[in-house]
Amino acid sequence: MSKFLSLEGIEKRFPISGKEDYVAVTDVNLEIKENEIISIIGHSGCGKSTLLNMISGLDAQTSGAIILENHHIQGPGPERAVVFQNHSLLPWLSVYQNIEMAVKKVMPQLGAHELRQRVEHYISMVNLDHAKDKLPGEISGGMKQRVGIARALSITPKVLLMDEPFGALDSLTRANLQEHLMRIQQKVQNTVVIITHDIDEAVLLSDRVIMMTNGPQATIGEILEVNLPRPRNRVELQQNPEYIRCREAILSFLYEKFAKDDE
């Protein structure tokens with residue numbers, strides 16, 4: 001896998017009236033490979049979502065550069081799609097219409113037949129054919145999040161950004177959606193960046209786990225390679241030595257950072 005998405009010397013400051021700037025993240029350097037799944041994990045306030053917002057172009061870094069395929073990121077673009085913890089669906093539009101709206105915006109050249117085929121393809125990919133005419137208020141939280149994933153993928157982004165996408169769901173629904181995500185990524189082969197607090201989720205889903213130091217002035221503390229073959233089965237992995245090694249490495253890192261801050 002070749003160099004694809006680069007974060008070079010990233011710093012983000014937030015001005016505070018009458019005080020010194022708050023430095024959320026500093027000296028962040030990271031190369032993300034094509035078709036790679038990475039997780040960014042760390043304690044609250046370590047700048048995980050700040051990094052994601054800068055990659056998405058929803059916020060700008062104070063200094064440094066974010067480069068995707070040799071182009072500097074300067075604002076949002078269709079080559080990057082975001083799935084938020086809150087599904088962010090329009091409540092007056094059906095499942096089909098929520099996805100259709102995104103495709104129309106990014107691909108206005110599509111004819112009616114091509115548009116319908118594309119929307120229905122991504123609805124099927126997340127197994128929601130039976131619910132395509134329902135409103136968001138008529139479906140479960142897990143189904144809403146699947147619509148959010150389908151909407152993001154329907155515009156064929158090169159990078160899928162996910163900000164704690166399963167954090168508000170119960171454990172069974174979260175596990176089901178993690179399985180969905182792994183299957184979908186194997187099909188579409190795009191790069192995925194996931195913000196998470198969940199150690200097991202990070203190891204299960206990722207090729208690498210990026211561990212952030214505590215804020216303010218958070219930065220990358222360690223990068224963990226997850227050497228587990230795909231497809232992955234969560235039940236079989238529970239006794240896998242590599243899974244256990246990765247889980248313990250993340251737990252140790254997070255515990256040490258928490259303990260130091262308590263001293």
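Bear in mind the structure is a predicted one, so any value in this text is a computation, not a measurement. Residue numbers count from 1 along this sequence.
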Backbone of I38 reached by a side-chain donor or acceptor of R208 within 3.5 Å: no
Selection residues 56-79 - residue pairs positive for salt bridge (charged side-chain N to carboxylate O under 4.0 Å, His left out), sequence neighbours left out: K12-D59, E69-K158
Main-chain N/O of L205 paired to R230 side chain as donor or acceptor, under 3.5 Å: yes
Least distance between heavy atoms, S94 atom then L135 atom: N-CD2, 3.8 Å
Heavy atoms of other groups near Q109 CD, more than 12 under 6.0 Å: yes
Check: L161 main-chain N/O paired with R80 side-chain donor or acceptor under 3.5 Å: no
Set of residues satisfying side-chain hydrogen bond (donor to acceptor under 3.5 Å, both in side chains) with respect to N240, sequence neighbours excluded: none
Sidechain-backbone polar pair: E11 side chain, T62 backbone, donor-acceptor under 3.5 Å: no
Straight-line distance of Q61 CD to R13 CZ, nearest 0.5 Å: 14.0 Å
Side-chain (Q186) to main-chain (R183) donor-acceptor, under 3.5 angstrom: no
Spatial distance of atom CD (E201) from atom CG (L181) [nearest 0.5 Å]: 8.5 Å
Other residues, nucleotides, ligands: >12 heavy atoms within 6.0 Å of E20 CD: no
Check: T219 side chain, T26 main-chain N or O, donor-acceptor pair, under 3.5 Å: yes
Polar side-chain atom of N176 near backbone of L172 as donor-acceptor pair, under 3.5 Å: no
Crowding at CG, D129 (>12 non-hydrogen neighbours, <6.0 Å): yes
side-chain contact (heavy atoms from CB on, under 4.5 Å) between V147 and I139, intermediate numbers included: CA-CA 10 Å; V147 179; I139 59 178; 4.1 Å; yes
Side-chain (S39) to main-chain (S206) donor-acceptor, under 3.5 angstrom: no
Spatial distance of atom CD1 (I194) from atom CZ (F166) [nearest 0.5 Å]: 6.5 Å
Ion pair K33/D207, N-O distance below 4.0 Å: no
Test: D200 and R234 ion pair at under 4.0 Å: no
Result block: side-chain N/O donor-acceptor pairs under 3.5 angstrom for residues 112-121, not counting sequence neighbours:
{"residue": "H113", "atom": "ND1", "partner": "R116", "partner atom": "NH2", "Å": "3.2"}
{"residue": "H113", "atom": "NE2", "partner": "Q117", "partner atom": "NE2", "Å": "3.4"}
{"residue": "E114", "atom": "OE1", "partner": "G111", "partner atom": "N", "Å": "3.3"}
{"residue": "R118", "atom": "NE", "partner": "S154", "partner atom": "O", "Å": "2.7"}
{"residue": "R118", "atom": "NH2", "partner": "S154", "partner atom": "O", "Å": "3.2"}
{"residue": "R118", "atom": "NH2", "partner": "T156", "partner atom": "OG1", "Å": "2.2"}
{"residue": "E120", "atom": "OE2", "partner": "K132", "partner atom": "NZ", "Å": "3.4"}

Polar side-chain atom of S6 near backbone of E8 as donor-acceptor pair, under 3.5 Å: no
Other residues, nucleotides, ligands: >12 heavy atoms within 6.0 Å of H130 NE2: yes
Side chain to side chain, V95 and M143, heavy atoms closer than 4.5 Å: no
Short side-chain to backbone donor-acceptor contact, S252 and E248, under 3.5 Å: no
